[in-house]
Amino acid sequence: MRALTWQGRRDVRVDTVPDPTIQHPTDAIIQVTSSAICGSDLHLYEVLGPYLSPGDVLGHEPMGIVQEVGSDVTQIKPGDRVVVPFNISCGSCWMCSRGLFAQCETTQVREQGKGAALFGYTSLYGSVPGGQAEYLRVPQAQFGPIKVADEGPDEQFLFLSDVLPTAWQAVEYAGLPQGGSVVVLGLGPIGDMSARIALHRGAGRVIGVDLVPERLERARARGVEALDLNGEDDLVSHVRDLTDGRGPDAVIDAVGMEAHGSPVGKLAHQMASLLPDALAAKMIEKAGVDRLNAFHLAIELVRRGGTISLVGVYGGMADPLPMLTLFDKQLQLRMGQANVRRWVDDLLPLLGDDDPLGVDGFATHHLPLAEAPGAYEMFQKKRDGAVKILLQP
């Protein structure tokens, strides 16, 4: 089959790789009909190369048609149309029984000290082949795949794999009071959808911050007060003026470790990329290599007694934090990989004809899998208004 493989920093290629096969009774094989590029895939394209090997298949936002199932898989059958969550969870362990599917004890990557295995996301998360391919082996298929209607375009359901549950959890973790205010830092796919969900769930004021004109306009079209980071002399003061002088009830950081405006973090990223993989991995694990500008901004912006919801991916293990400010402002902090299946029942009713979250048209580009390398470059450089790119094998 054809699949997108990682070959090195900023080097991804569509190659021929072996077709997947059933390996365990809980496996399924799906023919992929659509697979999206995620903002966190760009971390693989740039920073997290030390945890990848040439030939690794990328992608963790797929959907498709079931081709074959293992003997223990009864909830889906060949011919069913399914969306595959990005985290692989069994649905029955101690963690899963508490809705913490991203911490599944059956698939935890214990040798790396990490939570549930993820599709297409480095040796840290199990080196499981991803879904930017023609076919995909789905472990734990007795629980994971989400069966959806046969009718309707893929785009109506595909975002159940990651974007929708990740954004829903970001808003849930923000703990917004009804009619409350929230700032969303970063208006890429997750930030954009988080802002939409916050409005849908009754936020009184949603303020988005970004520096890409197309993303700002896209958010404004959905009712978000979008502020251009480049055009603000004092963003913190401006936001306080908009929120009764206190700051917002919550801030959602949808940027993560590649935030602009942190030269020390940028230098650390560059240094890591120049080191041999083993040394670079140690630097990432033991040193602070994140660009923490967005997180520090969130701490400044949020009102005293407010909540910060971290949804952007961070990777450093020794990043300095302003603990005095966090303590003094009495802040709450929630974060983590989305527990995808936990939010599916909330989200499925919103994917009908009325489309309150605007999933139809959410993708900015639809491209064949063969054009995936150029799509990664376009997304990474924020060219041509790229916010969400869907690949069709």
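In what follows, residues are counted from 1 in the order of the sequence shown. Bear in mind the structure is a predicted one, so any value in this text is a computation, not a measurement.
- No more than 12 heavy-atom neighbours from other residues, nucleotides or ligands sit within 6.0 angstrom of CZ on R246.
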Donor-acceptor pairs under 3.5 angstrom involving side-chain atoms of residues 205-212: please list them, not counting sequence neighbours.
unit_1	atom_1	unit_2	atom_2	d
R205	NE	E225	OE1	3.2
R205	NE	E225	OE2	2.6
R205	NH1	L242	O	2.7
R205	NH2	E225	OE1	3.1
D210	OD1	V212	N	3.0
D210	OD2	L187	N	2.6

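- Applying the side chain to side chain donor-acceptor pair (under 3.5 Å) rule to D328 yields the partners R304; only residues at least two apart in sequence or on another chain are considered.
- Taking R110 as the reference, nothing meets the salt bridge (charged side-chain N to carboxylate O under 4.0 Å, His left out) condition, with sequence neighbours excluded.
- Taking 4.5 Å as the limit, some side-chain heavy atom of L391 sits within range of a side-chain heavy atom of I37.
- With sequence neighbours excluded, no residue forms a side chain to side chain donor-acceptor pair (under 3.5 Å) with R383.
- Using a 4.5 Å heavy-atom threshold, the side chains of T5 and L58 count as separate.
- More than 12 heavy atoms of other residues, nucleotides or ligands lie within 6.0 Å of CD in Q23, so this atom counts as buried by the packing criterion.
- The ring pair (Phe, Tyr, Trp, His ring centres under 6.0 Å) check on F157 picks up nothing, with sequence neighbours excluded.
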Salt bridge (charged side-chain N to carboxylate O under 4.0 Å, His left out) between K388 and E61, worked out:
CA-CA 11 Å; K388 194 64 179 176; E61 298 186 6; 2.8 Å; yes
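- Pairs of residues two or more places apart, or lying in two chains, never qualify as ring pair (Phe, Tyr, Trp, His ring centres under 6.0 Å) while including a residue from residues 170-217.
- Here F119 pairs with nothing under the ring pair (Phe, Tyr, Trp, His ring centres under 6.0 Å) rule; sequence neighbours left out.
- Applying the 6.0 Å contact sphere to CG of N230 captures more than 12 heavy atoms from other residues, nucleotides or ligands.
- For the residue pair D154 and S34, the shortest heavy atom distance occurs at OD2-OG, 2.6 Å.
- Shown here for D249 and S181, the closest heavy-atom pair between the two residues is OD2-N, 2.8 Å.
- Partners of T16 by side chain to side chain donor-acceptor pair (under 3.5 Å), not counting sequence neighbours, listed by chain and number: R2.
- Residues in residues 159-176 take part in these salt bridge (charged side-chain N to carboxylate O under 4.0 Å, His left out) pairs, two or more places apart or across chains: E172-R201.
- Looking at V57 and L4, their side chains never come closer than 4.5 Å, going by heavy atoms from C-beta outward.
- Qualifying ring pair (Phe, Tyr, Trp, His ring centres under 6.0 Å) partners for Y125, counting only residues two or more places apart in sequence or in other chains: none.
- Applying the ring pair (Phe, Tyr, Trp, His ring centres under 6.0 Å) test to pairs two or more places apart or on separate chains, those with a residue in residues 369-393 are Y45-Y376.
- In this structure, the ring of Y121 has its center no less than 6.0 angstrom from the ring center of F86.
- Side chains of T307 and V302 form no contact here, defined as non-hydrogen atoms less than 4.5 Å apart.
- For residues 188-199, the salt bridge (charged side-chain N to carboxylate O under 4.0 Å, His left out) pairs, not counting sequence neighbours, are D192-R196, D192-R218.
- Minimum heavy-atom separation, A250 to L176: CB-CD2, 4.0 Å.
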